[in-house]
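First listed ligand is number 1; within each ligand, the first listed atom is number 1. None of the values given here were measured: they were computed from a predicted structure.
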Amino acid sequence: MNQNIERLAAMLRSAKGCVFFGGAGVSTESGIPDFRGAEGLYIEKRSIPPETLLSHSFFMAETALFYDYYRKHLLFPGARPNLAHRSLAAWEDQGLVQAVITQNIDGLHQMAGSRQVHELHGSIHRNRCMHCHAFYPLEKILDDSEAVPHCSCGGIIKPEVVLYEEPLPADTISAALESIENSELMIIGGTSLRVYPAAGFARGFRGKLAIINKSPTDLDSRADLLIQGAIGEVLGEVAAALDRQAH
Ligand code: NAD
């Protein structure tokens with residue numbers, strides 16, 4: 001483990017351009033459950049599967065039920081960035097990491113201070129009226145006493161979160177692909193790499209690849225460095241190793 005930490009620190013220092021690609025596992029140490037780990041939502045016995053509850057057609061047909069599920073299972077307003085988010089933000093400041101590509105919708109990378117964050121699946125922090133497109137922050141969804149939050153114009157408010165059946169935002173895809181093309185190193189962490197098309201981004205990468213995940217991923221055999229562990233702990237140790245190497 002220690003050797004791998006030192007190796008990742010050295011890879012980070014020597015790479016011309018590094019991009020981090022992450023998923024739900026990056027936020028589990030902040031108290032937000034992932035979908036596929038041991039405590040994931042998929043193992044809860046539900047008559048309507050999450051893929052249906054979180055689909056565009058379900059939102060349109062059963063908006064109140066959607067919001068009930070969404071508020072209970074996807075919103076964690078008390079969650080704060082962990083060592084993984086904070087290390088990545090510090091490395092952006094230090095010029096070691098150029099961008100974070102995330103499948104998460106929780107906004108914790110920005111809360112930690114990262115600026116170049118490509119949110120492939122949108123964000124719970126951005127909400128818009130479907131009629132007049134007025135913007136609403138997360139608080140509107142949290143504090144609204146109605147089952148379905150409405151705009152002052154009367155339109156229904158929809159989170160800017162990519163639901164099943166919806167395409168990924170084109171401008172975010174181009175920005176994410178550009179940051180991948182400009183990177184010699186990709187660190188993948190906290191993702192099962194099973195959700196497409198997002199996972200395809202990582203598969204197309206041809207540079208040096210480091211994977212940090214609690215459970216095996218389909219890309220493990222392609223990785224130059226593989227660390228099985230909790231990403232907050234691991235990145236925290238890499239940050240300490242970088243400090244040591246600098247002194
Ligand atoms: P996933 O749930 O499919 O996989 C998470 C992976 O992270 C698993 O392989 C698990 O073993 C690993 N993991 C869990 N905790 C970890 C830790 N502390 N350190 C290292 N690895 C850890 O997640 P995914 O691949 O991102 O796909 C799920 C989809 O659900 C995404 O599209 C995402 O948008 C959405 N989602 C987002 C959030 C969030 O915003 N925080 C939470 C749940 C789901």
Side-chain angles (χ1 to χ4, degrees), residues 1 4-5 8 20-44 49-56 69-88 100-112 114 117-126 138 141 159-169 172-173 176 187-203 210-220 223 225-238:
M1 177 75 157
N4 281 342
I5 299 289
L8 184 52
F20 178 83
F21 181 93
V26 173
S27 294
T28 54
E29 287 160 85
S30 295
I32 302 179
D34 64 11
F35 273 16
R36 278 152 228 270
E39 297 161 76
L41 299 175
Y42 276 79
I43 57 164
E44 281 186 18
E51 295 95 329
T52 305
L53 288 159
L54 297 173
S55 67
H56 182 82
Y69 183 81
Y70 179 77
R71 283 177 167 131
K72 282 185 190 145
H73 294 288
L74 277 91
L75 302 185
F76 297 86
R80 292 292 170 266
N82 63 52
L83 259 179
H85 303 102
R86 296 205 303 269
S87 303
L88 288 163
V100 168
I101 303 174
T102 182
Q103 300 164 85
N104 293 347
I105 56 174
D106 54 38
L108 290 184
H109 284 294
Q110 289 92 333
M111 205 186 282
S114 286
V117 185
H118 307 303
E119 295 173 307
L120 297 176
H121 294 163
S123 172
I124 57 168
H125 295 278
R126 295 189 298 273
L138 174 61
I141 310 297
E160 268 189 15
V161 162
V162 178
L163 300 177
Y164 289 95
E165 303 162 355
E166 291 178 346
L168 269 53
T172 309
I173 295 182
I187 304 175
I188 295 180
T191 170
S192 62
L193 293 173
R194 291 206 189 112
V195 175
Y196 279 84
F201 286 34
R203 286 172 191 274
I211 298 182
I212 307 160
N213 210 54
K214 272 191 174 170
S215 53
T217 77
D218 294 347
L219 268 192
D220 286 1
L225 179 65
L226 189 61
I227 302 180
Q228 224 170 58
I231 187 141
E233 281 174 32
V234 171
L235 295 193
E237 286 176 34
V238 174

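At least one heavy atom of G229 sits closer than 4.0 Å to an atom of ligand 1. Residue contact check for ligand 1: P33 places a non-hydrogen atom closer than 4.0 Å to it. Not close to ligand 1: R194, with no non-hydrogen atom less than 4.0 angstrom away.
Contact atoms of ligand 1 toward G23: 26 (O) (distance under 4.0 Å to a heavy atom of the residue). Every atom of ligand 1 is numbered from 1 in the order shown, and the set under 4.0 Å from a heavy atom of G190 is 5 (C), 6 (C), 7 (O), 21 (N). Every atom of ligand 1 is numbered from 1 in the order shown, and the set under 4.0 Å from a heavy atom of I32 is 41 (N). When each atom of ligand 1 is checked for a heavy atom of D106 under 4.0 Å away, the hits are 39 (C), 40 (O), 41 (N). Atoms of ligand 1 found under 4.0 Å from any heavy atom of S215 (numbered from 1 in listed order, with element): 8 (C), 9 (O), 10 (C), 11 (O). Ligand 1 places these atoms under 4.0 Å from at least one heavy atom of H121: 31 (C), 32 (O), 33 (C), 34 (O). The distance from ligand 1 to the heavy atoms of T28 drops below 4.0 Å at these ligand atoms: 14 (C), 15 (N), 16 (C), 17 (C), 18 (N).
Across T191, L235, V195, heavy-atom proximity to atom 29 (C) of ligand 1 is greatest for V195. Relative to atom 18 (N) of ligand 1, the option among E29, Q228, Q103 with the closest non-hydrogen atom is E29.
In this structure, S192 and T217 approach most closely via the heavy-atom pair O-CB, 4.3 Å.
By the criterion of a heavy-atom distance under 4.0 Å, the side chain of S27, and not its backbone, is placed next to ligand 1. The proximity of N213 to ligand 1, defined as any non-hydrogen pair under 4.0 Å, involves the side chain as well as the backbone.
Put simply, the side chain of N213 gets close to the backbone of G190: a donor and an acceptor are under 3.5 Å apart.
E165 meets the side-chain hydrogen bond (donor to acceptor under 3.5 Å, both in side chains) test with S57; sequence neighbours excluded. Applying the ring pair (Phe, Tyr, Trp, His ring centres under 6.0 Å) test to H109 and every residue at least two apart in sequence or in another chain returns H85.
Looking at heavy atoms from C-beta onward, L54 lies in side-chain contact with Y69 at the 4.5 angstrom threshold.
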